[in-house]
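Step one of this worksheet: look at the structure below.
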Amino acid sequence: MTTAADTTVISTRALTKRYRDVLAVDGLGLDVRRGEVYGFLGRNGAGKTTTIRMLLGLIRPTSGEVSVLGQRIGPGETGVFGRVGFLVESASAYPNLTVRENLEIQRRLTGAPASAVAGVIEQLRLSEYADRRAGRLSLGNKQRLSLARAILHKPDVLVLDEPANALDPAGIVEIRDLLRTLADERGVTVFMSSHILAEVAHLADRIGIINDGRLLEELDREELQAKARAYVEVRVPGDPARAEVLLRDAGFAHMERDPDEPGTLRIPESADRVAEIARVLVGAGLELTGLTQSHEDLETYFLRLTGGVR
Amino acid sequence: MTFARVLSTEFLKLRRSKVTWGSLAGLSMGPLGIALFMWIVREPGRAAQLGLLGTKADLSGISATWPSFLSMMTLIVGVGGLLLLAFIVAYVFGREYAEGTAKNMLALPVGREWFVVAKLVVAAVWWLILVVAVLVEALVIGLALGLPGFSAGLAASAVGNALLAAGIAYLLVPVVAWITILGRGYMPPLAFAIATLGLGDLFTHTGWAPWFPYSIVPLLIGMVGKPVASLPLGSLVVLALTFAAGVTAAILQVRHADNTQ
């Protein structure tokens, strides 16, 4: 029988990092399972990159612990990193070396076979730039090079910090497909951070939302979609108070007034009762100037969770 | 095996680097400068006509001979060792921070200490090539100038002294490597190299010079006064300790310090 411990690939326990008076990560507990794409979502400065650095042993936790593939990460740990590919924060490469040479360095250091460089160049569509110096690449292609470096040695775990940075929309879709394929077909575990909810929502099997260094919520994709509430919005500029009373009498218990538009009512969890809403309001002789069925934008949900627009 | 792989990548990183050629160009200016000096000493009248000799220039004590030429060559290799070699080490280590690649080296199936050792080996090979190239250049220029007083023994002794100064200078650079890693860039090690050059010069005027690592090369090459014939055992111990301390500090820094690049 497979236990949770068998399938947990990345695990953090009470992980904390403090820089003098700044608490960057506060008691973080995460479990990322084998073969899943875990989206680590948060605003800029929420603690995503600090967490990723601790996962990779680039910085030491103030307290708590990290393990990857069952190996506790500490100073001097090397064995596990042959099975981990990573991209931290910004794309970087040796500017005087070509794309091919930059990847050759990674190949030698990870002990990957000689054919790995050509393979990954093709996989990341870098063939056209293979002999171009990295210093002359566009930001998007530099990002591709960094992603190529991360996957070159066919790692079991990918830790990617904002992998879609600097990519154009087509590039974002392409990388999303690549990561999905790696997870689905090769069982690669992907831990990716992002501050763009839509990007994570499209790709991740599970999402952790971090704010001010603390994990606010952890949910799977279906739960996220469900959280993004469906609602019906009606516009009754003549008498919104009466409309509210009528709808309450008809069994619509929860309603919200839009403070910016006093004639608008928002009725959550009512998408399947649109016709009934219309019948109640028009039947009572109210002037109904608008009726729309909507979903709360995922961004709105994220903002609501993390404290609104700052 | 692991170290061989790391070392090969460190040499690969130098490909198309302008700094390697720049360092060669920089050091090779030294013998050309000495040659110009020798010519001025030999032809003060023509030099004055060309504006190369100031009215207040004091060239007493300098003669256009092989002994004088070779002692200046040793001086250049020694000072080059204290400054240019520090620049090389600052580049080899500091570029990883300047180019944002340091973080890529720290989560690999390779011990971080191997990067420190490999970079120090690269700096040693680079420095050795520079020194040999410049010594050959200097000897060729000296022969072309037709200076009097040449002997194979004199040249061999001067070359031996220059190589010794270059080697001793190398023992001091792991500390520069540590400061580069600590400061994550070029400026701290360069400031350190310039400061220790000044301090080393200052200490040569005191009785502590043989015990202060940065004064030992100036003592040996005669940066101030006459070059010493041999170094006391204590100086060698100080140099060995400085080397060991630098290597240890650099390795501990790269293994244990937070990398927030």
Side-chain angles (χ1 to χ4, degrees), chain A residues 17-19 24 49-50 52-62 68 73-98 100-112 133-135 142 145-146 149-150 153 155 157 159 161, chain B residues 1-23 91-119 122 126 181 184-185 248 250-261:
Chain A
K17 182 67 185 181
R18 181 182 283 281
Y19 294 106
T49 300
T50 303
I52 282 186
R53 287 181 189 283
M54 287 192 280
L55 294 183
L56 296 168
L58 302 183
I59 57 177
R60 286 191 296 172
T62 306
V68 176
I73 303 299
E77 172 55 40
T78 55
V80 77
F81 290 124
R83 297 171 63 196
V84 177
F86 64 92
L87 189 169
V88 180
E89 213 158 23
S90 53
S92 55
Y94 298 101
N96 57 311
L97 301 187
T98 64
R100 199 187 303 279
E101 288 162 348
N102 269 287
L103 292 171
E104 176 61 18
I105 286 177
Q106 178 74 357
R107 185 194 75 73
R108 290 185 198 178
L109 294 175
T110 55
R133 289 186 205 187
K142 208 176 270 184
L145 171 57
S146 290
R149 203 185 55 77
H153 54 299
V157 180
V159 178
D161 193 5
Chain B
M1 193 59 199
T2 301
F3 178 65
R5 280 192 283 135
V6 176
L7 189 60
S8 73
T9 64
E10 289 301 326
F11 278 111
L12 179 56
K13 288 176 192 176
L14 294 182
R15 202 175 277 186
R16 284 186 292 278
S17 165
K18 287 175 187 157
V19 181
T20 48
W21 295 108
S23 65
Y91 170 72
V92 170
F93 283 86
R95 67 175 298 190
E96 304 286 358
Y97 299 95
E99 291 165 5
T101 47
K103 62 195 176 207
N104 297 345
M105 298 163 30
L106 303 178
L108 288 168
V110 170
R112 296 178 186 178
E113 61 276 14
W114 291 123
F115 288 100
V116 174
V117 178
K119 283 179 184 298
V122 165
W126 183 345
I181 300 167
R184 296 184 193 135
T248 307
I251 287 175
L252 288 177
Q253 186 72 31
V254 86
R255 270 178 75 101
H256 295 285
D258 281 354
N259 187 293
T260 52
Q261 180 192 45

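Below, chain A is the first sequence line, B the second, and so on; all start at residue 1. What's counted below: heavy atoms across the whole structure, side chains too, no hydrogens, waters or symmetry copies.
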For B:W114, check ring-ring contact (aromatic ring centres under 6.0 Å, His included) against everything at least two apart and list the hits.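 Once residues adjacent in sequence are excluded, the partners of B:W114 under the ring-ring contact (aromatic ring centres under 6.0 Å, His included) criterion are B:F3.
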Residue, of A:V80, A:T110, A:I105, A:N102, that accumulates the most heavy atom pairs under 4.5 Å with chain B: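 Of the options given, most contacts go to A:I105.
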Highest number of heavy-atom pairs under 4.5 Å with chain B: which of A:G82, A:S146, A:A150?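 Answer, by heavy-atom pair count under 4.5 Å with chain B: A:G82.
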Determine, for A:Y94 and A:R133, whether the Lys NZ or Arg CZ falls below 6.0 Å from the six-membered ring centre while staying within 45 degrees of the axis.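 No, A:R133 does not sit over the ring of A:Y94.
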Given a strict heavy-atom distance threshold of 4.5 Å, which part of B:F115 is in contact with chain A: side chain, backbone, both, or neither?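 For B:F115, the side chain is the part near chain A, not the backbone.
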Can you check side-chain contact (heavy atoms from CB on, under 4.5 Å) on B:T20 and B:Y91, steps first, answer last? CA-CA 10 Å; B:T20 48; B:Y91 170 72; 5.8 Å; no
A:R18: what forms a salt bridge (charged side-chain N to carboxylate O under 4.0 Å, His left out) with it, not counting sequence neighbours?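 Applying salt bridge (charged side-chain N to carboxylate O under 4.0 Å, His left out) to A:R18 gives none.
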Does the side chain of A:T62 come within less than 4.5 Å of A:Y19's, by heavy atoms?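 A:Y19 does not reach A:T62 side chain to side chain.
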Please flag which part of A:T49 lies under 4.5 Å from any non-hydrogen atom of chain B: side chain, backbone, both or neither.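 Interface part for A:T49: neither.
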Which portion of A:R83 sits near chain B, non-hydrogen atoms under 4.5 angstrom: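 Looking at A:R83, nothing touches chain B.
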I'd like to know which of [options] tops the heavy-atom pair count under 4.5 Å against chain A.
options                      : answer
B:R255, B:K13, B:K18, B:H256 : B:K13
B:L14, B:L12, B:V6           : B:L12
B:V110, B:L106, B:L108       : B:L108

side-chain contact (heavy atoms from CB on, under 4.5 Å), that's the test. Do A:F81 and A:I73 meet it? Break it down for me. CA-CA 10 Å; A:F81 290 124; A:I73 303 299; 4.1 Å; yes
